[in-house]
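Working notes, beginning with the structure itself.
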Amino acid sequence: MAIKVRYFASLKENLGRDKDSLDFEKSISVAEVWEQVMPEQAIPDNTLTAVNMEYVTLAHQVHDGDEVAFFPPVTGG
Amino acid sequence: MAIKVRYFASLKENLGRDKDSLDFEKSISVAEVWEQVMPEQAIPDNTLTAVNMEYVTLAHQVHDGDEVAFFPPVTGG
Amino acid sequence: MIKIVSSGFDPFQEVHAYQQQQQSLAGKYGATNLFIGTMRDLNEGDSVKGMTLEHYPGMTEKQLARVVAKAGKQWDFLDSLVVHRVGDVFPDDVLVLVAIWSVRRGAAFDASRFIMEALKSQVPFWKKEILVDDNSRWVEKNTDGY
Amino acid sequence: MIKIVSSGFDPFQEVHAYQQQQQSLAGKYGATNLFIGTMRDLNEGDSVKGMTLEHYPGMTEKQLARVVAKAGKQWDFLDSLVVHRVGDVFPDDVLVLVAIWSVRRGAAFDASRFIMEALKSQVPFWKKEILVDDNSRWVEKNTDGY
């Protein structure tokens, strides 16, 4: 199964990249996605998570073709 | 002592005039002003009263040169 | 600024022009709230074809200034503009405009709403509606807006 | 209508044009509330000379649509317009516009404020400020507007 992972704003800057691709064999959670793409660091507090542009919790299970996003608190308006 | 009395909106229409002049010898209240200019009818419920363009109660004492106004609830905006 | 006007006005032009003119506002406000009251063609189930807005000249301005000053004591805003129409109006005509400029959005929303409510209960304007059958009636009471 | 724009816009022209175009609104709305968010030249005590507004294309529109739909379930309004700027902005530039048309004023005020609060906490936009010394910093958190 393949997913796209995206990063935005300060998180993107701190990581030094705006996306990753990830292949995995069995269904995993959003928290496990982070562990795979960013094994060297814990997910920052307050990080928001979305799958296919909907907010989800870290426990949400990811499926083939999903777009997973990690980003800091939003500051629009 | 002389005062001006003014009426607005539906009250003006019902009375058939928009103002009166009143002369009196001693200081009187706004309620007494109404009794003088409109002896034939009681002051309608909800009537608002102003002296010199400030809201007052019926007990307010009127002075020489004052402008007293009677009008229904306001409906602007 | 407070204005009573006896002919039609475009609220967007009014606000835009006022804002341009207040050069000290530039860069300082983060929030603007506008409330615009417009005449509808229906009220209390009846079609309305026109309306006359009566007011008490002098007292209107005095009470409006008081309402704006009261808002200014409760909330921190930078500037305000209130324009109210009087005379004969027709459906789709703008009746009232309240605009507030402030640093933060809460004050703009709160002050604008406070001024509208106070205007509707304390400032001497009266509406007389002309129905489609040419009968007319005074609007008796404004409803609460909260 | 929801619009994300990457160049400057005049909120008054936007609202005026939209309103003219929605012919079914004419005579039907009694209340319009506009909220306009504008860039200030000062934030948290520091002079700010510019800002970059990043967003998550696609999710932004989806979440904004959800926010407007939620407001529509809670309050009875006739129409709405939300415009949000992205990209490079400067002091005095308009960042966001929310406009609500309703029969009565309460719904216009409430829905406009709800949409602003929800937008600021739920819709994926991020602000990066450029200070006068050319240092830049991400705005970390929006404040509560109530």
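Lettering of chains follows the sequences in order, A, B, ..., and the numbering in each one begins at 1.
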- [ ] Kindly determine whether B:Glu54 and C:Arg66 satisfy side chain to side chain contact (heavy atoms under 4.5 Å, CB included), including the steps that lead there.
- [x] CA-CA 10 Å; B:Glu54 298 288 353; C:Arg66 172 156 304 172; 2.5 Å; yes
- [ ] Give the intermediate values and the outcome of side chain to side chain contact (heavy atoms under 4.5 Å, CB included) for residues B:Thr75 and C:Phe125.
- [x] CA-CA 6 Å; B:Thr75 56; C:Phe125 294 106; 6.0 Å; no
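Counted within 6.0 Å of CD on C:Gln23, heavy atoms from surrounding residues, nucleotides or ligands total 12 or fewer; the atom is thus considered open. Open room surrounds CD on B:Glu25; 12 or fewer heavy atoms of other groups in view lie less than 6.0 Å from it. The number of heavy-atom neighbours closer than 6.0 Å to CG of B:Asp18, taken from other residues, nucleotides and ligands shown, is above 12.
Between C:His55 atom NE2 and B:Phe8 atom CZ the span is 9.0 Å, to the nearest 0.5 Å. Note that CD of C:Glu54 and NZ of B:Lys12 are 3.5 Å apart. Values are rounded to the nearest 0.5 Å.
Ranked by heavy-atom pairs under 4.5 Å with chain B, the first of C:Leu95, C:Val123, C:Leu53 is C:Val123. Each of C:Arg137, C:Gln63, C:Lys128, C:Arg85 has some count of heavy-atom pairs under 4.5 Å with chain B, and the biggest count is that of C:Gln63. Of the listed residues C:Gln122, C:Lys141, C:Glu140, the one with more heavy-atom pairs under 4.5 angstrom with chain B than any other is C:Gln122. Between chain B and the residues C:Pro124, C:Gly37, C:Ser121, the most heavy-atom pairs under 4.5 angstrom are made by C:Pro124.
Ring geometry, C:Tyr56 versus B:Phe71: the interplanar angle exceeds 60°, so the pair is classed perpendicular (tilted spans 30 to 60°).
Only the side chain of B:Glu13 comes within contact range of chain C, with at least one heavy atom under 4.5 Å from a heavy atom of that chain. At a 4.5 Å heavy-atom cutoff, the contact between C:Lys62 and chain B is made by side-chain atoms alone. Contact of C:Val139 with chain B is made through backbone and side chain together, with heavy-atom distances under 4.5 Å. Contacts of B:Asn46 with chain C are absent, with no heavy-atom separation under 4.5 Å from either backbone or side chain.
Closest approach of C:Leu119 and B:Val74 over heavy atoms only: O-CG2, 4.5 Å.
Formation of a donor-acceptor pair under 3.5 Å by the C:Trp126 side chain with backbone atoms of B:Ser10 is not found in this model.
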